[in-house]
Amino acid sequence: MQVYKFGGASVKDADAIKNVAAIVSAATQPLVVVVSAMGKTTNGLEAVVNAGFYKNGDSKSLLDAVIKFHQDILQQLFEATDDVFTKVNNFWVEIAWALEEEPRSYGFLYDQIVSIGELVATTIIAAYLNRQGTATQWLDARSLIFTDNNYRQAQIQWPQTVLQINQIIAPVCNQNKVALTQGFIGGTSENYTTTLGREGSDYTAAIIAYCLDAQSVTIWKDVSGVLNADPKFFSDAQKLEQLSYHDAIELTYYGATVIHPKTIKPLENKGIPLYVKSFVKPEGVGTVIGKDLQTKPFIPSYIFKSNQVLISIGSKDFSFIAEAGLSHLFGLFAAAGVKINLMQNSAISFSVCVDDDAFALPALLESLKADYRVLFNNGLVLYTIRHYNQFTIDKLLQKGTLILEQRSRNTAQLIMYPNAD
Ligand code: ASP
Ligand code: MG
């Protein structure tokens with residue numbers, strides 16, 4: 001059993017879908033295929049949710065743009081009489097209904113609407129595969145992936161998920177059909193739709209692989225594999241042939257966007273290898289991440305995070321920020337849902353670097369100010385170098401003014417004000 005995952009870029013237009021169909025039909029079965037929403041659909045549907053919830057935009061015309069994008073692709077792939085048009089249309093109607101109802105919460109509305117991107121994409125691709133002669137069973141991930149009702153960041157309910165995935169997917173594979181389902185989405189015990197966090201389709205592929213004891217997972221990307229830097233920022237980025245699970249989880253944790261950070265744990269726990277390959281050059285070897293593999297070539301990897309804020313939290317009366325204070329502070333960060341990218345403490349202050357999140361940060365700063373002196377700098381960049389050496393650090397130091405530096409045995413992190421260019 002293999003699991004393939006195709007992200008938005010791999011299904012962004014009619015030609016891309018044809019390419020995916022070619023890769024799937026050439027694969028050895030049994031095969032489970034996980035697909036996310038097409039192109040920039042998730043961003044488009046997020047805009048629909050925001051306009052609908054905050055009543056600050058025209059959700060109808062925003063939705064029409066998303067529908068038109070899909071309609072154009074459908075017309076290129078199918079005859080007008082194909083029943084895929086009705087199936088897709090029924091999903092758009094669900095969005096219109098969701099917008100009419102009084103929402104329970106922002107997160108609830110978000111998940112009911114944004115998930116439609118994946119449901120539509122998989123409906124189109126399953127129909128296309130079947131039309132091309134690759135027998136495919138469309139499966140609703142909301143019956144496979146059980147979650148709690150923590151909307152937008154739903155947590156997996158593992159025992160039920162293991163059970164459902166085995167019960168539903170095994171018979172499909174026994175019929176020699178490709179099992180095709182949505183990434184990123186799940187369902188609650190009350191049958192509401194949830195999402196697992198942006199870019200969460202990789203995680204879905206890993207969950208399914210874990211539950212089925214798959215032989216491997218392949219994530220198909222628009223790059224040749226895992227690179228040691230984002231080619232958008234580093235012109236001399238190099239491909240890594242193989243990576244240890246440890247390096248992979250650290251790189252994704254620090255912000256490498258090539259794989260969703262939650263993907264590695266389920267795979268590591270079962271020793272399932274993860275291949276990252278190019279859907280443009282499917283015959284290429286890509287990168288393999290797996291058990292007993294050492295990172296090769298063993299070169300420094302760079303992660304670049306812009307839009308960072310450094311918050312310095314100090315006691316108001318010169319008292320130490322000791323263990324009790326830190327425990328209180330971590331509680332405030334957890335409650336606000338703000339992830340700490342780097343932290344450092346001294347006698348009377350605690351500094352943290354976080355993403356500049358317009359939603360979560362103002363509330364956190366308010367709650368901090370109640371008990372502490374709070375200063376912050378924004379417009380910063382956080383560089384992380386895994387397997388650094390002095391040369392790599394010196395090179396980065398030319399890119400701006402250093403604010404804070406931290407090194408462990410394997411990882412160096414630099415917070416900098418970027419040079420104006
Ligand atoms: N479509 C979702 C997103 O864009 C999930 C994914 O792409 O993995 O975040
Ligand atoms: Mg995506």
Side-chain angles (χ1 to χ4, degrees), residues 3-13 16-17 20 32-50 62-63 65-67 69-70 73 88 91-92 94-95 106-107 109-126 138-142 144-145 147 150-156 180-187 193-209 217-223 226 230 248 252 255-267 274-277 279 337 339 355 357 359:
V3 180
Y4 278 7
K5 182 262 169 174
F6 292 97
S10 67
V11 290
K12 68 179 192 326
D13 55 31
I17 291 174
V20 164
V32 179
V33 177
V34 173
V35 184
S36 55
M38 288 158 55
K40 301 272 175 245
T41 301
T42 305
N43 292 348
L45 291 175
E46 259 183 9
V48 172
V49 175
N50 290 340
L62 290 164
L63 176 59
V66 175
I67 296 177
F69 166 74
H70 289 83
I73 294 173
V88 167
F91 283 122
W92 302 133
E94 281 186 38
I95 297 187
Y106 177 81
L109 184 71
Y110 181 102
D111 284 2
Q112 310 320 300
I113 291 181
V114 168
S115 56
I116 301 289
E118 268 65 17
L119 290 161
V120 166
T122 49
T123 299
I124 295 174
I125 294 157
W138 180 89
L139 298 172
D140 191 328
R142 295 169 297 185
L144 300 171
I145 309 283
T147 73
N150 188 13
Y151 295 105
R152 299 184 67 200
Q153 282 296 336
Q155 301 295 315
I156 307 303
L180 186 136
T181 194
Q182 307 78 43
F184 176 58
I185 76 171
T193 310
T194 52
T195 64
L196 311 179
R198 285 300 308 260
E199 306 301 329
S201 295
D202 296 347
Y203 184 36
T204 305
I207 295 165
I208 293 177
V217 173
T218 305
I219 295 183
W220 296 91
K221 307 275 304 180
D222 54 3
V223 284
V226 178
D230 186 334
T252 59
T257 54
V258 61
I259 311 161
H260 189 279
K262 285 186 172 173
T263 313
I264 304 298
K265 177 181 167 10
L267 300 180
L274 170 63
Y275 296 92
V276 179
K277 288 192 179 198
F279 59 76
K339 177 178 176 280
D355 294 350
D357 177 332
F359 277 114

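Ligands are counted one by one from 1 in listed order, and the atoms in each one are counted from 1 as well. The basis for the numbers below is simple: all heavy atoms, side chains too, and nothing from hydrogens, waters or symmetry mates.
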Indicate the ring-plane relationship of Y4 and W220, choosing parallel, tilted or perpendicular according to the 30° and 60° boundaries.
-> perpendicular
Those atoms of ligand 1 less than 4.0 Å from some heavy atom in T42 | 1 (N), 2 (C), 3 (C), 4 (O)
Under 3.5 Å: N/O of K5 near N/O of ligand 1 = no
So, does G183 sit close enough to ligand 1 that a heavy atom of it is under 4.0 Å from the ligand?
-> no
Numbered atoms of ligand 1 (with element) below 4.0 Å of F184, judged on heavy atoms = 2 (C), 5 (C)
Between S36 and ligand 1, which residue portion shows a heavy-atom distance shorter than 4.0 Å: side chain, backbone, both, or neither?
-> side chain
Go through the side-chain N and O atoms of T195 and D111 and say whether any donor and acceptor fall under 3.5 Å apart.
-> yes
Should the pair F359 and Y106 be assigned to parallel (<30°), tilted (30 to 60°) or perpendicular (>60°) ring geometry?
-> tilted
Is there a nitrogen or oxygen of D202 sitting under 3.5 Å from a nitrogen or oxygen of ligand 1?
-> no
Quick one: which ligand 1 atoms are inside 4.0 Å of a heavy atom on R198?
-> 3 (C), 4 (O), 9 (O)
Smallest heavy-atom separation, I185 atom then S115 atom, equals CG2-CB, 3.6 Å
Heavy-atom count around Y275 OH within 6.0 Å, excluding the residue itself: above 12?
-> no
Is the shortest distance from a heavy atom of E118 to ligand 1 less than 4.0 Å?
-> yes
Determine whether more than 12 heavy atoms belonging to other residues, nucleotides or ligands lie under 6.0 Å from atom NZ of K265.
-> no
